[in-house]
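Right, one structure below, let's go through it.
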Amino acid sequence: MVSVVEAHSGRLPTIRQGFWTRHPAEVARDLIGWSVFVDRVGGRIVETEAYHHEDPASHSFNGRTDRNAAMFGPPGHAYVYRSYGVHWCLNFVCGDAPGSAVLIRALDPTQGLEAMQARRGRSDLRALCSGPGKLCQALAVSRDHDGKVLDAAPFALEPGAPVGVLQGPRIGLSKAVDVAWRFGEVGSLNLSRAMPQPALKA
DNA sequence: AGACTGATATTCT
DNA sequence: GAATATCAGTCTA
């Protein structure tokens, strides 16, 4: 799978060939500040987590199953799974070997606010996309999107630069809690949880 | 602010 | 049966 090369003017990062075929922690960091849309509804990515194919916390760690099959497919595609039997979670498959992905944990909502408010049943903008399950409900992401390529409808990605990137340990895990593979945008009001860690780079 | 709890699908033991 | 990359509601403070 080859990603589109964007002819963006200025200093914005671009979707270049090979963007996805790197370590998921690099991809997760670089995605902060980008925007993701599903059927033109979505916003700016402000929180991500990396899952590496050799990472005990990764769904792919114990091999391919029906659920995680998309993680073993081509990079630059979506991996969508059901979490706790209730919510959907959206990942971007990446890495230099099969089985790595980046979990999209939070967005600053920017487009399709009314659709998101209706789907979420809430009007407060901070309640729309401030968590991996919430944003999937707001963007109507479900099993239908599992395995779909990210640079074609209904998905759309738009490069963008972060104000600054925070880094810290991942959330909700019992394994590999020591690796700091959670990334967050400096100053965002939509993080799923606070990130007090020092800034990396902009 | 923080602790607890229920909802509920899939996978693994 | 237990664990899980979660969220909303409810309780106590």
Side-chain angles (χ1 to χ4, degrees), chain A residues 20 23-29 31-32 36 38 42-43 45-73 75 77-95 97-109 116-147 150 165-185 188-197:
Chain A
W20 300 111
H23 193 287
E26 283 184 46
V27 176
R29 182 198 56 198
L31 283 171
I32 301 295
V36 58
V38 178
I45 299 172
V46 295
E47 186 180 339
T48 58
E49 276 179 1
Y51 290 87
H52 188 254
H53 65 276
E54 291 177 348
D55 170 11
S58 174
H59 285 176
S60 62
F61 186 68
N62 292 114
R64 178 178 178 146
T65 63
D66 283 345
R67 178 176 70 153
N68 67 22
M71 285 189 92
F72 292 85
H77 289 237
Y79 163 48
V80 179
Y81 71 93
R82 200 185 271 282
S83 172
Y84 289 91
V86 188
H87 308 286
W88 298 102
C89 287
L90 172 64
N91 301 255
F92 296 167
V93 177
C94 61
S100 295
V102 172
L103 172 66
I104 308 303
R105 286 195 58 92
L107 309 176
D108 285 343
M116 290 192 270
Q117 286 168 325
R119 290 163 179 167
R120 293 275 302 122
R122 261 147 243 272
S123 54
D124 179 7
L125 295 186
R126 297 201 215 177
L128 298 184
C129 299
S130 55
K134 297 179 191 178
L135 74 89
C136 281
Q137 188 180 19
L139 274 57
V141 169
S142 73
R143 172 129 284 169
D144 295 344
H145 300 87
D146 189 38
L150 294 170
V165 179
L166 305 171
Q167 183 174 11
R170 297 177 292 185
I171 290 179
L173 302 172
S174 58
K175 299 172 181 175
V177 286
D178 49 314
V179 293
W181 283 352
R182 176 178 177 232
F183 301 90
E185 168 71 295
S188 173
L189 300 175
N190 290 284
L191 299 180
S192 65
R193 275 173 47 184
M195 291 217 10
Q197 314 302 324

Next item on the list: Pick base, sugar-phosphate or nothing for A:R122, based on heavy-atom distances below 4.0 Å to the nucleic acid.
Entry: sugar-phosphate

Notebook entry, point to check: Within the structure shown, what part of the strands sits under 4.0 Å from A:S174 by heavy-atom distance: base, sugar-phosphate, or nothing?
Noted result: sugar-phosphate

Check: Judged by atom type as modelled, is there a donor-acceptor pair below 3.5 Å linking the side chain of A:R120 to the main-chain atoms of A:A127?
Finding: yes

Margin query: A:V86: which residues meet the side-chain contact (heavy atoms from CB on, under 4.5 Å) condition with it, sequence neighbours left out?
Written below: none

Notebook entry, point to check: If you measure from the P atom in B:dG2 to the same atom in C:dA5, how many Å do you get, rounded?
Noted result: 23 Å

Notebook entry, point to check: Has A:R193 got more than 12 heavy atoms of other residues, nucleotides or ligands less than 6.0 Å from its CZ?
Noted result: no

Margin query: Measuring only between side-chain heavy atoms, which start at C-beta, is A:L139 closer than 4.5 Å to A:L107?
Written below: yes

Next item on the list: With C1' as the reference atom in both, quote the distance from B:dT10 to C:dA8 in angstrom, rounded to an integer.
Entry: 22 Å

Next item on the list: Would you give the length of the straight line joining atom SG of A:C94 to atom NE2 of A:H77, rounded to the nearest 0.5 angstrom?
Entry: 12.5 Å

Item checked: Euclidean distance, A:L90 CG relative to A:I45 CD1, rounded to 0.5 Å -> 8.5 Å

Item checked: Positions of residues 124-143 of chain A (non-hydrogen atom under 4.0 Å from DNA chain C), listed by number -> A:G131, A:P132, A:G133, A:K134

Next item on the list: Would you kindly say whether A:Q137 and A:R119 are connected by a side-chain donor-acceptor distance under 3.5 Å?
Entry: no

Notebook entry, point to check: Measuring from A:R170:CZ to A:R182:CZ, what's the distance to the nearest 0.5 Å?
Noted result: 12.0 Å

Next item on the list: Report yes if the side chains of A:H145 and A:W88 come closer than 4.5 Å at any heavy-atom pair, otherwise no.
Entry: no

Check: Tell me, what's DNA chain B's dot-bracket, Watson-Crick or G-U with both distances under 3.5 Å, | for other-strand, [ ] crossing?
Finding: |||||||.||||.

Check: Are a donor atom and an acceptor atom from the side chains of A:E47 and A:S188 found within less than 3.5 Å of each other?
Finding: no

Next item on the list: With rounding to the nearest 0.5 Å, note down the distance linking CG in A:D55 to NZ in A:K175.
Entry: 9.5 Å

Note to self: For chain A and DNA chain B, what are the first and last nucleotides along the strand, 5' to 3', with at least one atom under 4.0 angstrom from a heavy atom of the protein chain?
What the structure shows: B:dA7 to B:dC12

Margin query: Within this structure, what is the OG1-CD1 distance for the pair A:T48 and A:I104, rounded to the nearest 0.5 Å?
Written below: 6.5 Å

Next item on the list: For DNA chain C, note the earliest and the latest nucleotide, 5' to 3', having some atom under 4.0 Å of a heavy atom belonging to chain A.
Entry: C:dT4 to C:dG9

Checklist line | A:R120 vs A:I171, nearer the 5' end of DNA chain C by closest nucleotide | finding: A:I171

Margin query: Test of understanding: with side-chain hydrogen bond (donor to acceptor under 3.5 Å, both in side chains), list the residues that count as partners of A:H52, not counting sequence neighbours.
Written below: none

Notebook entry, point to check: Which part of the nucleic acid, if any, lies within contact of A:R170, taking any heavy atom under 4.0 Å across all strands shown: a base, the sugar-phosphate backbone alone, or nothing?
Noted result: nothing

